[in-house]
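Scroll down for the structure; my scribbles are underneath it.
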4 protein chains.
Amino acid sequence: MAKKKIGIIGATGYTGSELVRILTNHPDIEITMITSETRKGELFSDVHPFLQGIANQKLVSINDIDKYELDLVFLALPHGVSMDFVKRFKDSSFKIIDLSGDFRLNSKEVYEKWYKLSHIFPEGIEKAVFGCPELYFDKIKDANLIANPGCFPTTAILGLAPLLKANLIEENQIIVDSKTGVTGAGIKAKNVNLYSNVNDNFKAYGLKYHRHTVEIQGILDDVSGKETLIQFTPHLLPVDRGILTTIYIRPKEKMNEIKLKELYKTFYAKAPFVRLRKQEPAIKDVRGTNYCDLFVTYDKRTNMVIVISVIDNLIKGAAGQAVQNMNIMFGLDETTGLNLIPLNP
Amino acid sequence: MAKKKIGIIGATGYTGSELVRILTNHPDIEITMITSETRKGELFSDVHPFLQGIANQKLVSINDIDKYELDLVFLALPHGVSMDFVKRFKDSSFKIIDLSGDFRLNSKEVYEKWYKLSHIFPEGIEKAVFGCPELYFDKIKDANLIANPGCFPTTAILGLAPLLKANLIEENQIIVDSKTGVTGAGIKAKNVNLYSNVNDNFKAYGLKYHRHTVEIQGILDDVSGKETLIQFTPHLLPVDRGILTTIYIRPKEKMNEIKLKELYKTFYAKAPFVRLRKQEPAIKDVRGTNYCDLFVTYDKRTNMVIVISVIDNLIKGAAGQAVQNMNIMFGLDETTGLNLIPLNP
Amino acid sequence: MAKKKIGIIGATGYTGSELVRILTNHPDIEITMITSETRKGELFSDVHPFLQGIANQKLVSINDIDKYELDLVFLALPHGVSMDFVKRFKDSSFKIIDLSGDFRLNSKEVYEKWYKLSHIFPEGIEKAVFGCPELYFDKIKDANLIANPGCFPTTAILGLAPLLKANLIEENQIIVDSKTGVTGAGIKAKNVNLYSNVNDNFKAYGLKYHRHTVEIQGILDDVSGKETLIQFTPHLLPVDRGILTTIYIRPKEKMNEIKLKELYKTFYAKAPFVRLRKQEPAIKDVRGTNYCDLFVTYDKRTNMVIVISVIDNLIKGAAGQAVQNMNIMFGLDETTGLNLIPLNP
Amino acid sequence: MAKKKIGIIGATGYTGSELVRILTNHPDIEITMITSETRKGELFSDVHPFLQGIANQKLVSINDIDKYELDLVFLALPHGVSMDFVKRFKDSSFKIIDLSGDFRLNSKEVYEKWYKLSHIFPEGIEKAVFGCPELYFDKIKDANLIANPGCFPTTAILGLAPLLKANLIEENQIIVDSKTGVTGAGIKAKNVNLYSNVNDNFKAYGLKYHRHTVEIQGILDDVSGKETLIQFTPHLLPVDRGILTTIYIRPKEKMNEIKLKELYKTFYAKAPFVRLRKQEPAIKDVRGTNYCDLFVTYDKRTNMVIVISVIDNLIKGAAGQAVQNMNIMFGLDETTGLNLIPLNP
C-alpha cells in the first residue's frame, strides 16, 4: 500500500510538534506538508530545535496546499481559526481531523455561549464526528471531519461512560475534579505558564465556567440518553504534561466492588488504549503514550463511586488520539505507530 | 516578663526544624531544650545544616528533662510515640502541645479502628483540647494538653465550619478533594517521597481509608451538632509544602453569592490568620506563613458551593498553628512571632 | 529615633516585592511611597495578590515624589531606566540605592560596550559606590548613591576576594561556572522563563558575552590591584531562586587545605552574612535569606582550588543586600530587619 | 534471521526498566529472561507498574539461566556485584554487556583505589572492551565482554576526544563541570534522592574524589596518547534524567571558531547519535533518546575552548548505549530499535 499523504496545519504549537514526533515513526504515512504562516520558509527544526536532524521539513503556507495531493490533514490551530479552514476546504478531497474545540459541541448556540465567539460554519458541526474511538469507532471509520476530543473531556468521558451507559448513577450529581499539566495552556509565554507562577505551586482556575464542562455534558448526554449535570473544576499542576481526573459519583443503589470492576472490564474489552489499573494510576505512568489509565472503586461507608482517570494531555488528550482516529479512518490497525511506552521516570 | 522556657521533643523531623525556625525569632520565649534520642550530643545544626550559625543548640535526651524548668513542650514525635510521653509526664508542671494524631480523635475506639494501634492513655483523649484557635480559642487558653490539628483537617474544618454552623448544607454529602506537598510524608526517605516518583508526577492515595477523614468528621460533628459524612481523597503534589483542598458542598436551599461571602467574613472577623481571598488562592500565596486562605463561591447552574482552602502544611498545618496555640496559652497576642510573610516566588 | 522614610521606585517586579517583603518587618523604617507608572492607583497587593492584607499601599507615580520627605529610595527599575531617575533627582536630599546595572561598571565606555546602550549620566558612575558591604563598608557608610551588586557578581566576588587580596592565585585563569534560578530573568513572561522550557530542563546561556563578566572583573581588579580575566558561564536551573557558583582557581604555588580555610575565616571574621560552611552548601540552605554560603577546598592531585558560593539571588543578590546597604548608610546595625531564616524545605 | 535471545540480569533498577522499554520495540531480538533474586516469581510489571500490559515477563533467578539459550546478557547490577557474574559465567557462550563500573578502568589497582573494593576478576579487565562506539566500533564488533561507559564519562569523552586526538589542547588543565539528574543515584530511596532535598535545590557533591574522574582520564589517555589530568565536579539537578557537562579547555595555540566546528564535524561524520548543535543544547533536547548533543565554541578574549555536552543519563549514559553496543556486536545497524525521538516538553 502506498503511504498516505498527511498535512499538518499549524506547526508552532505543542500539538504540531507532538504530531510530528508520533508520525515520524509511523510506517504507513508520510508527512507531506507542514504549514506555518509566521515561520514559513524555515525548517520545522528551527521552530523546535530538539528535532534537529529528525524533522527537517520546510514549512509552507496554507495557500500552497493544492500542490500536495493530501489524504488527510490535521488542524493544529486555535479554536476560532480552525472553522475558517474547515469552511474554506469543505469540498476538498482530503479528510480533516480538527484538534481545536470548534466542532465538538452540539450546536452553534452552545458554542457561542461557552466560547463567546460566533460560529461561521454550523454545517460542520452537523457533519463532524466526535473522535472518541472507544465510543464512536464505527462513525469515525466513515467520517470526513473529526472533532478530536478535548483533553479534560477525554478523561471524564472514558471514566464515566460505562456507569452512565448502564444507567447505574445519578446523572446530575457528578463531580469532576481535574488536575492538568502546564502544556495544556499552550506554547506561548504568559502569566499562567510563567515558571515561577507554576513551580512549587498549585491552584484551581476556571471555576464554574470552563468550556470543557459543556463538551463533557454533551457527550455524556448522548451516552446516557439523559441530561447530565457536571461540576467541573480544573487545577494547574507543576508538571509539563498529564491530566489526572478524580470523579465522584452517586450510585442509584448500593454497589459492589467486584461488579463495578467487571463492568469496566467488559465495556473496554476491545479498547487497546484503556488500561484498567490494579492500583491508583499516576500521571507519569502514561507519560509519552496514548493510554488512558482508569481506576474505579466503591466506598461502602459513603455510598460513593470514585473513578480516577489519567492521560497524557498532549497524546491521548490531543495528538495521539488524533493519530488513532486517522488509523481508523484509513482502515489501519488502531494502534499503528502508537506503540509508545511510558517514559517513567 | 521573663521569657517562657520551651522544650521541643523530637528534633530530626520537619516539624522540629520548623518549630525552631519560627521560635528563634519569637520575642517572648527561649528554646531551652531540644531532644533527640538518636542524635543526642550533636548540635541541632548538625541535623539541619542549613541552620549552621543560627540554631546551634546541643541535643539532649528526654531523660534529662527534669534539669530544665520548662513552661511548655512541643511534641514533634510520630503518632503512637507521643502518647507514651504524655502518659509519662501527665503530672508535670509544663503544658504540652502534641503535634501527632494521638489525641485528636473522640475516643479510644475510634483511634484504634483508624490508626490500627492500641491507645495506652485514653485519659489524655478526654483532657486534650483540639488546637484550632478559630473554633476553640477559649478552651485553648485554659488547656494543659493540646492536640494540634492535622494538616488536611485544618483546611477542611476552616473551609466548612461557617456553613455547617449556620446549618445551611447537607452534612452527609461533603466531598473533600485535597492535594498536598511531599513534606507531609515526613523527612525519612521512602518510595513515596523518592524524587523521581514525585517530580513531574501526580497521584491519589489513601482512598476511602485515610485517617484524617475521621478527624475532620469528629470536629465537624461538634461544630454542626449533627453527624457529618465526608468523602476525603488526598493526592500527592510535586511541591515541597502546601495543601490545597477543594470542597464540594450541597446547600439545603438555593444560595446567594454575596450572602455566602458575608457569612465567611462574619465568622472569621476576629481570625488574624484566615484570609478571605478575592481570587482563587494558590499554594505559594501562603508559603512559609501561618495563613489559611479561603475562597468561596456558589454555582447557580448546579446548585453547589465550592470552597478552596489553602495552607502551608508545615506551618498552619503543624508548627505555626502550634505556636499560635502556645501564644494563646501564655496569654500573648495570638500573632506574636508569627508575622511571617509568604515566600513567593 | 523617628522611622526613616523609604521610597520604592518600581513595584511590579520581583525586586520590588522582595523589598516590601523584607521592609514590612523592619523596625526602623517605614515604606512611605511605592511607585508604578503602569499600575498607579491600584494597591500593591493587587499587583502581588499573595500580599493581600499585608502590604496594601496605594501605588503612586514618580511624579508625586515631592509630596513625601523621603530619606532614601530604592530603584527597582530595569537598567537603562535607572540612570534617568538618578540624573533627574541628582540634587535631591534622599539617598539612592540602585538595583540595576547602570552604575556598577568602571566607565561609560565599558558600560556602553557590554550593555549596548549609551549612558546618559557618567557623573553618576564616578559618584556611585559598589554596594558590597564585605569589601566597601566604609565607603557605603558615606555614600549617597549605591550601585547594588549583580546577583552573579556577588557570588563570584565573595568567593574570590580573599585569595586575590592575598595575591595567591593566577588572576587570569579564573573560571566561574554559575547556575541560577529562573527569577533572575524577571517577572515578565517570555520564552526563557516559560514553565515547560525550564522544568526538568537545564542549559547554559550567554556564553562568552554575559555582562556580569565585566562587573566581576572590574571589582576583582580593584581588590587585587591587577588585571583579572574571568571565564564566566551562567546556566539556567529549574528552581525559582538561588545561585550556586563553582569557581576553579589555579594557585601560584602549592597550597594547604587548613591555611586556605583559615584565610577565608580571617577575611570574613566580621561579615555577619557570610557563612563558611563545613560541607558543600546547597541553594536551599540560604533560600529566603541574606546569607552567602562559601565552601573552599584544595585538590592536591590537580593543584586547583575550588570555591562554591551560594546565595538567594533575590535577597543577597538584590533586595537583601540593598537593605544591608541601607542599614549601613543609616548607621544601623547591618543585620537589622535581616534576621531571615532559610525556608528549607 | 531468527531473533536473538536476550537476558537482563537485574530487573528492579532504572537500568533494567529502561532496557526493557527500549528492547520491547526492537525488531531483531526477544527478551527471553529477566532475573531478580528479590522479586522472582513476580511479573516485571509488578515491579514497574507503569508497564502493566506492556512487559509482563515473569522474573526468574540467575540460577535458571541454563534453561535459556541466550545470545547476550545485559548486567544491570551494582558495581562489585557484576564481577561475580562475569567470573561465574566466563566460559558461557553468551556475550555480556556490563552496565556497572567493574570493568571500565585500566587495572585492578586503579579500580581498588577509586572504588575501595577488591576486584575478584582482573582477567575480565584485560578482556573487556570499553563500549563507546564513537571511539571503539571495531573492537566492540568482536568483543565478548563490554564495559558499558559511565554516564558522566560519556559526556566528557565525546566532548573532548576530537581536540585531544588532534593534539590541540593542554591535556592537564581540563575542567569538567557536570550537572546530572537524580536518576543517576539509583532507584533506592535515600537522603540524596529524597524529593524535598532535591526539589528547588542544587548542590555539588563528590568534589575531588568522584570515581568517574579516573574513568574519563583512562579513556582520554588512550585517545590522546598522553597523560591527561581532569578536574571533575558533579552537581545534582532537580530533574529526573539528563546530564549537561560544561568543559573548559586551554588550547595550545590560538584557535579559530570555524575550524573548531569543522574538526568536530569530521570526527563525528559517521556517528549517528552525536548531534552537533547550532545552539547550546538543553537537557530536554535529548530526553528519552540515545543522542549526545555537542556544542563547541572558542572565546578569543580568554583563549579558551568551551564544550557543552548533553545526554540522557539513562539512555546514551546507560541502556541506550548498551543497546547500541549490542547492535554492533550482532552486526545489525547501529541504530536499530533506537529511533527514539526526544520527549520535549
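Numbered from 1 within each chain, the chains take letters A, B, ... in sequence-line order.
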To the nearest 0.5 Å, what is the distance between [atom1] ([X]) and [atom2] ([Y])?
X	Y	atom1	atom2	result
D/Ile157	D/Ile219	CD1	CD1	5.0 Å
D/Ile175	C/Ile175	CD1	CD1	3.5 Å
C/Leu160	C/Ile249	CG	CD1	4.5 Å
C/Ile243	C/Ile311	CD1	CD1	4.5 Å

Among C/Val296, C/Leu244, C/Leu294, exactly one meets side-chain contact (heavy atoms from CB on, under 4.5 Å) together with C/Ile308. Which residue is that?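 That would be C/Leu244.
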Part of D/Ile230 within contact of chain C (heavy atom distance under 4.5 Å):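 Backbone only.
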Could you please show the donor-acceptor pairs under 3.5 angstrom between chain D and chain C, with distances rounded to 0.1 Å?
residue, atom, partner, partner atom, Å
D/Asp177, OD1, C/Lys179, NZ, 3.2
D/Asp177, OD2, C/Tyr248, OH, 2.6
D/Lys179, NZ, C/Asp177, OD1, 3.2
D/Lys179, NZ, C/His235, NE2, 3.4
D/Ser196, O, C/Lys284, NZ, 2.7
D/Asn199, O, C/Lys284, NZ, 2.8
D/Asp200, OD1, C/Asp240, N, 2.9
D/Asn201, OD1, C/Ile283, N, 3.2
D/Asn201, OD1, C/Lys284, N, 2.8
D/Phe202, O, C/Ile283, N, 3.0
D/Lys208, NZ, C/Thr297, OG1, 2.8
D/Lys208, NZ, C/Tyr298, O, 2.9
D/Gln217, OE1, C/Arg301, NH1, 2.9
D/Ile230, O, C/Arg301, NH2, 2.7
D/Gln231, OE1, C/Thr302, OG1, 2.4
D/Gln231, NE2, C/Asp299, OD2, 3.0
D/Thr233, OG1, C/Tyr248, OH, 3.0
D/His235, NE2, C/Lys179, NZ, 3.3
D/His235, NE2, C/Thr246, OG1, 2.8
D/Asp240, N, C/Asp200, OD1, 3.0
D/Thr246, OG1, C/His235, NE2, 2.8
D/Tyr248, OH, C/Asp177, OD2, 2.6
D/Tyr248, OH, C/Thr233, OG1, 2.9
D/Ile283, N, C/Asn201, OD1, 3.1
D/Ile283, N, C/Phe202, O, 3.1
D/Lys284, N, C/Asn201, OD1, 2.8
D/Lys284, NZ, C/Ser196, O, 2.7
D/Lys284, NZ, C/Asn199, O, 2.8
D/Thr297, OG1, C/Lys208, NZ, 2.9
D/Tyr298, O, C/Lys208, NZ, 2.9
D/Asp299, OD2, C/Gln231, NE2, 3.0
D/Arg301, NH1, C/Gln217, OE1, 2.9
D/Arg301, NH2, C/Ile230, O, 2.7
D/Thr302, OG1, C/Gln231, OE1, 2.4

pair D/Val198-D/Pro238: side-chain heavy atoms closer than 4.5 Å: yes
Who among D/Ile283, D/Ile306, D/Leu229 has the most heavy-atom pairs with chain C under 4.5 Å? D/Ile283
C/Ala318: partners by side-chain contact (heavy atoms from CB on, under 4.5 Å), with sequence neighbours left out: C/Leu99
